[in-house]
Structures are given as C-alpha cells and as structure tokens.
Number of protein chains: 2
Amino acid sequence: MAESKAPWCPVTATVEVIGGRWKPTILFQLKDRPRRFNELRRLVPGITQRMLTLQLRALEQDGIVSRTVHNTIPPHVEYSFTKKGCMLGPILDAMEAWGDAHRPRKRGRN
Amino acid sequence: MAESKAPWCPVTATVEVIGGRWKPTILFQLKDRPRRFNELRRLVPGITQRMLTLQLRALEQDGIVSRTVHNTIPPHVEYSFTKKGCMLGPILDAMEAWGDAHRPRKRGRN
DNA sequence: CTGGATCCCCGGCGATACTG
DNA sequence: CAGTATCGCCGGGGATCCAG
C-alpha cells in the first residue's frame, strides 16, 4: 500500500493528506481562526468524537494543524493551521465555491 | 445516513461528489482533454479496472463527466468533462499546486 | 472538557474470471 | 477494448464506556 511508485502525482499526494469524508470540512472550519475541540464538534455536524480526534491527529501528524493545550480547568485545547495548512486555503475556497454554485434546488440558473 | 440535515455545507457537498481516493486523480487526468478507458487506466497508476468503472459511473451519475461510445471495432469509449465538471478545474489546480509545493524532498524552501 | 480504548458491523475495494 | 459478475478480506468508522 502507499503508492510508493508511480511517477509522483501531486493530486494524489494532496488527497493522501486532506482526503476523506471529514478532513475538508474540519479544515474549512479551521480556515478562519483557531477552534477548540468541542467547537469543531458543533461546526462539523454528524462527526463523532472519535473521528474528530482521529482526523485531527492525522492532520497534526501531516503538519497541517497544530495542537495547543492550555493547562487550565477545564482543559482547553485549540487547533489552528500551520503555515503548511494555510496554503490549503485556495483548495477549500474552491471547494466551497463549487459546492455553493451547484447547490441542489438552486434557482438562479441550471 | 446521507446528511440530509445540517445547515447545508458546500464543502461537504463537494466532498460527496469528488471525494475519495480516486476521483480527484481521475478528474485531474480528464481536465485537459477527453480520455479513453484504458488510457485512464494507465494515467491513474494503481487503480483497478473495477474501481475505474465504478468511479466513472458515479461521476457520470453526478453529472461531472459524460460518456461517449463510438460503436466501432474495437469499441471506443471516451470520457469527458461536462460543464459542471469543468468548473471543478480550480479545485484540481489548487490541489495540484499544493501537492507540488509540498512534495517530499523538495529543495526549494521549507 | 478533551480524548483514549474496545467492540463490532458493514461495505469499500482488490483479485479474478467471463462477455460483447 | 471496455466493461460486468462474484467472492472474500480487512479496515474505516459508529457506539459506548472510561480517564485525566
């Protein structure tokens, strides 16, 4: 597994990092400003606690988001974009634009 | 299933259509010009015949690509972007750009 | 509040063989 | 060349409980 061959495809590489059901949505919510764990849970409807944790860990692992722990009571954990993550902005914007343009039952045209 | 609720998220809607391991790569290869089935098979390294068929069918179903059959011998089937599919261009370009910028072992910077 | 650990099901996907 | 059919695996991901 892990296509270690193939003449290197940048698109595939990107998919490896931000692909999946949840990551784009999570990243989209993180785009504007840092978010706390439960805040993300609300902003990403339908995601389970487990999946949110897993996806955030994966994104952290790939250097897309950084995790900041405030040792307070109650605990406070903030997730924010790294520089590498910020550069995903155009992708997320383009995805938002396309999804918006092709919203079901849109009346404008089409 | 099928998040029929949630205040409508354009990013999620886009993920529903072009999400997954293969679709972005397939679409990327379709971006410049129409491609034949086996041509795509070569251009998307690692994909199986079955998956290519399934993904293409799904994309066709969602109105992203159109399938043109030339009744010749041997059979000739071409897949191309619909108008709706063309509008995915910016997303694919952004993905390519990001993947390229963060290519492992890149020397330029970072 | 954040998030780890466990249990378990379901379907995504690869492999293979067959057809027009 | 461009598919379809069938089988079987394995791991993604939901539900739930526990912990710091």
Side-chain angles (χ1 to χ4, degrees), chain A residues 1-6 9 12 15-27 29-30 33-62 64-80, chain B residues 1-6 9 12 15-27 29-30 33-62 64-80:
Chain A
M1 307 73 184
E3 61 311 313
S4 32
K5 41 183 55 185
C9 172
T12 299
V15 169
E16 297 279 323
V17 174
I18 66 164
R21 165 80 175 73
W22 300 112
K23 282 176 188 166
T25 308
I26 294 172
L27 292 171
Q29 301 298 343
L30 238 37
R33 65 166 173 286
R35 300 285 192 180
R36 292 179 36 218
F37 188 82
N38 273 5
E39 197 175 3
L40 282 173
R41 260 224 290 189
R42 284 193 309 273
L43 291 169
V44 183
I47 197 172
T48 61
Q49 190 176 47
R50 171 190 163 80
M51 283 315 294
L52 182 52
T53 299
L54 287 176
Q55 303 303 309
L56 285 171
R57 288 285 176 276
L59 291 170
E60 195 186 354
Q61 208 71 17
D62 285 322
I64 303 299
V65 306
S66 67
R67 182 169 176 271
T68 308
V69 181
H70 300 269
N71 263 323
T72 60
I73 294 181
H76 230 244
V77 182
E78 272 198 347
Y79 294 89
S80 57
Chain B
M1 311 72 184
E3 61 310 317
S4 35
K5 41 184 53 182
C9 172
T12 299
V15 169
E16 297 280 323
V17 174
I18 68 164
R21 165 82 176 72
W22 300 112
K23 283 177 188 165
T25 308
I26 294 172
L27 293 171
Q29 300 297 344
L30 239 36
R33 65 165 177 284
R35 301 285 192 179
R36 293 176 41 215
F37 187 82
N38 274 2
E39 198 175 1
L40 282 174
R41 255 217 298 186
R42 284 193 309 273
L43 291 168
V44 183
I47 197 171
T48 61
Q49 192 175 41
R50 170 190 163 80
M51 283 315 294
L52 182 53
T53 300
L54 287 175
Q55 302 304 308
L56 285 171
R57 288 286 177 277
L59 291 170
E60 195 187 352
Q61 208 71 19
D62 285 323
I64 303 299
V65 305
S66 66
R67 182 169 176 270
T68 307
V69 181
H70 300 270
N71 263 321
T72 62
I73 294 182
H76 232 246
V77 181
E78 273 197 347
Y79 293 90
S80 57

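Order of the sequence lines fixes the chain letters, A, B, ..., with proteins taken first and strands second; residue numbering starts at 1 for each chain. Heavy atoms only: backbone and side chains are in, while hydrogens, waters and symmetry mates are out.
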How is B:R36 classified with respect to the nucleic acid when contacts are heavy atoms under 4.0 Å: base, sugar-phosphate, or nothing? sugar-phosphate
Sugar-phosphate only, base, or nothing, as touched by B:R41 at under 4.0 Å among non-hydrogen atoms: nothing
Distance in angstrom units between [X] [atom1] and [N] [atom2], rounded:
X     : N      : atom1 : atom2 : result
A:L52 : D:dA15 : CG    : P     : 15 Å
A:H70 : C:dG3  : NE2   : P     : 12 Å
B:Q49 : D:dA5  : CD    : P     : 13 Å
B:Q55 : D:dT4  : CD    : P     : 13 Å
A:R21 : D:dG13 : CZ    : P     : 10 Å
A:M51 : D:dG13 : CE    : C1'   : 6 Å
B:L56 : C:dC13 : CG    : P     : 14 Å
A:R57 : D:dG12 : CZ    : P     : 17 Å

Identify which nucleotide among D:dA2, D:dA15, C:dT2 has an atom closest to any side-chain atom of A:V77, counting heavy atoms from C-beta outward. C:dT2
Closest to the B:Y79 side chain, choosing from D:dG14, D:dG3, C:dG3: D:dG3
Which residue lies more 5' along DNA chain C, comparing A:V69 with A:R50 via nearest heavy atoms: A:V69
Are A:R21 and B:T12 side-chain neighbours, meaning at least one heavy-atom pair lies under 4.5 Å? yes
Between A:R35 and the options A:V44, A:L40, A:V65, A:I26, the side-chain contact (heavy atoms from CB on, under 4.5 Å) test singles out A:L40
Name the residue closer to the 5' end of DNA chain D, choosing between A:P75 and A:G20 according to the nucleotide with the nearest heavy atom. A:G20
Candidates B:E78, B:H70, B:H76 - the one meeting side-chain hydrogen bond (donor to acceptor under 3.5 Å, both in side chains) with B:R36: B:H76
Taking all non-hydrogen atoms of both residues into account, name the closest pair between A:P74 and A:T72 and its distance. O-OG1, 2.8 Å
Kindly assign one of parallel, tilted or perpendicular to the pair A:F37 and A:Y79, based on the angle between their ring planes and the thresholds 30° and 60°. tilted
OP1, OP2 of C:dG14 versus side-chain N and O of B:T48: anything below 4.0 Å? yes
